[in-house]
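Written below as structure tokens is the structure these notes are about.
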Amino acid sequence: QVQLVESGGGLVQPGGSLRLSCSVSGYTIQYYALGWFRQAPGKEREGVSCITRGGGTTTYADSVKGRFTIVRDNAKKTVYLQMNDQRPEDTAVYYCAAKKTILTTPLTCASGDYTTWGQGTQVTVSS
């Protein structure tokens, strides 16, 4: 069973940066696509960014393109979300999630497609 633990959340001023980390334990990380999702109060959970098991393909929500970067390090069993130029609307609980895939599985970033979730980390963007 894959287990995910997020870290790196906190309070940041508008225009600032944070890097979230998600440590993956359990089964071999190379078999799993990974993603970052977020949920703001009163809103549905949305896909922020996802990455294929080998790291060769990524996808981003339109609202974060050009500001956020997802990277995975399979040797360290960790996936990162670098968040730059943050905005108040980025405020949310951020979750890491995983789904087991085969090499030919197209990358998706819909929360319903992911089966294993971390506990979440709060990110607040405010002056």
Side-chain angles (χ1 to χ4, degrees):
Q1 181 69 28
V2 173
Q3 293 182 327
L4 309 173
V5 178
E6 303 96 334
S7 61
L11 175 64
V12 63
Q13 292 186 342
S17 297
L18 279 177
R19 188 178 78 161
L20 304 182
S21 299
C22 175
S23 176
V24 183
S25 62
Y27 285 86
T28 306
I29 187 176
Q30 287 90 336
Y31 296 151
Y32 290 83
L34 300 170
W36 287 97
F37 299 79
R38 67 186 181 186
Q39 188 165 20
K43 294 188 177 181
E44 293 187 354
R45 189 172 297 186
E46 64 169 340
V48 175
S49 182
C50 295
I51 188 167
T52 48
R53 51 191 266 175
T57 301
T58 58
T59 184
Y60 296 91
D62 288 343
S63 59
V64 307
K65 282 180 181 176
R67 301 188 298 121
F68 291 11
T69 303
I70 188 170
V71 174
R72 65 187 291 163
D73 185 334
N74 286 348
K76 294 183 177 180
K77 297 184 178 181
T78 304
V79 60
Y80 304 95
L81 184 69
Q82 177 67 43
M83 305 184 293
N84 298 329
D85 187 24
Q86 290 200 258
R87 304 166 182 172
E89 53 264 37
D90 294 326
T91 296
V93 177
Y94 283 71
Y95 298 90
C96 176
K99 65 170 181 175
K100 197 169 185 180
T101 65
I102 59 175
L103 286 174
T104 55
T105 302
L107 181 64
T108 66
C109 209
S111 59
D113 294 340
Y114 286 73
T115 56
T116 305
W117 293 80
Q119 81 289 350
T121 185
Q122 176 70 46
V123 172
T124 302
V125 184
S126 175
S127 55

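Scope of the values below: all heavy atoms of this structure, side chains included, with no hydrogens, waters or symmetry mates. Quick caveat: nothing in here was measured; it's all calculated off a predicted structure.
Side-chain N/O atoms of Asn84 and Gln82 include a donor and acceptor closer than 3.5 Å.
Using a 4.5 Å cut-off on side-chain heavy atoms (C-beta onward), Tyr80 and Ile70 make no contact. Looking at Thr121 and Leu20, their side chains come closer than 4.5 Å, going by heavy atoms from C-beta outward. At least one side-chain heavy atom of Val24 sits less than 4.5 Å from a side-chain heavy atom of Val2. Contact check for Thr91 versus Gln122: side-chain heavy atoms found under the 4.5 Å cut-off. Cys50 is not listed as a side-chain neighbour of Thr108, based on a closest heavy-atom distance of 4.5 Å or more. Here the side chains of Thr52 and Leu34 are not in contact, with every heavy-atom distance at 4.5 Å or above. Between Leu81 and Arg19, the closest side-chain pair of non-hydrogen atoms is not below 4.5 Å. Considering only heavy atoms from C-beta on, Asp73 stays 4.5 Å or farther from Val71 through its side chain.
Counting only distance, with no hydrogens or angles, the side chain of Thr78 and the backbone of Ser23 share no donor-acceptor pair below 3.5 Å. Side chain of Arg72 to backbone of Gly54: no donor-acceptor contact under 3.5 angstrom is found. At least one donor-acceptor pair under 3.5 Å links the side chain of Glu6 to the backbone N or O of Cys96.
Residues passing the side-chain hydrogen bond (donor to acceptor under 3.5 Å, both in side chains) test with Lys65 are Asp62, sequence neighbours excluded. Partners of Tyr60 under the ring-ring contact (aromatic ring centres under 6.0 Å, His included) rule, at least two apart in sequence or in another chain, do not exist in this structure. Considering only residues two or more places apart in sequence or on other chains, Arg67 meets the salt bridge (Lys or Arg N to Asp or Glu O under 4.0 Å) condition with Asp90. Applying the side-chain hydrogen bond (donor to acceptor under 3.5 Å, both in side chains) criterion to Glu46, with sequence neighbours excluded, gives Arg38.
Distance check: Gln86 CD to Ser17 OG gives 6.5 Å after rounding to the nearest 0.5 Å. In this structure, SG in Cys22 is found 13.0 Å from NZ in Lys77, a value given to the nearest 0.5 Å.
Shown here for Val93 and Gly120, the closest heavy-atom pair between the two residues is CG1-CA, 3.9 Å. Nearest heavy-atom pair, Gln119 versus Leu4, reported as atom, atom and distance to 0.1 Å: OE1-O, 3.8 Å. Counting all heavy atoms, side chain and backbone alike, Leu103 lies closest to Arg53 at CD2-NE, 3.6 Å. When all heavy atoms are compared, the tightest approach of Pro14 to Ser126 is CD-C, 3.6 Å.
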- Go through Ile102 and Tyr31 one step at a time and tell me if the side-chain contact (heavy atoms from CB on, under 4.5 Å) criterion holds. CA-CA 7 Å; Ile102 59 175; Tyr31 296 151; over 6 Å; no
- Could you walk me through whether Val125 and Gln13 pass the side-chain contact (heavy atoms from CB on, under 4.5 Å) test, one step at a time? CA-CA 5 Å; Val125 184; Gln13 292 186 342; over 6 Å; no
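Judged as a salt bridge (Lys or Arg N to Asp or Glu O under 4.0 Å), not a single pair has a partner in residues 96-116 (not counting sequence neighbours). For the ring-ring contact (aromatic ring centres under 6.0 Å, His included) condition, the pairs that include at least one residue of residues 91-123, sequence neighbours left out, are Phe37-Tyr114, Phe37-Trp117.
The environment of Glu89 atom CD is dense: over 12 non-hydrogen atoms of other residues, nucleotides or ligands sit within 6.0 angstrom.
When the side chains of ILVMFWY residues are joined at heavy-atom separations under 4.5 Å, either directly or via intervening members, Leu107 and Ile51 end up in two distinct hydrophobic clusters.
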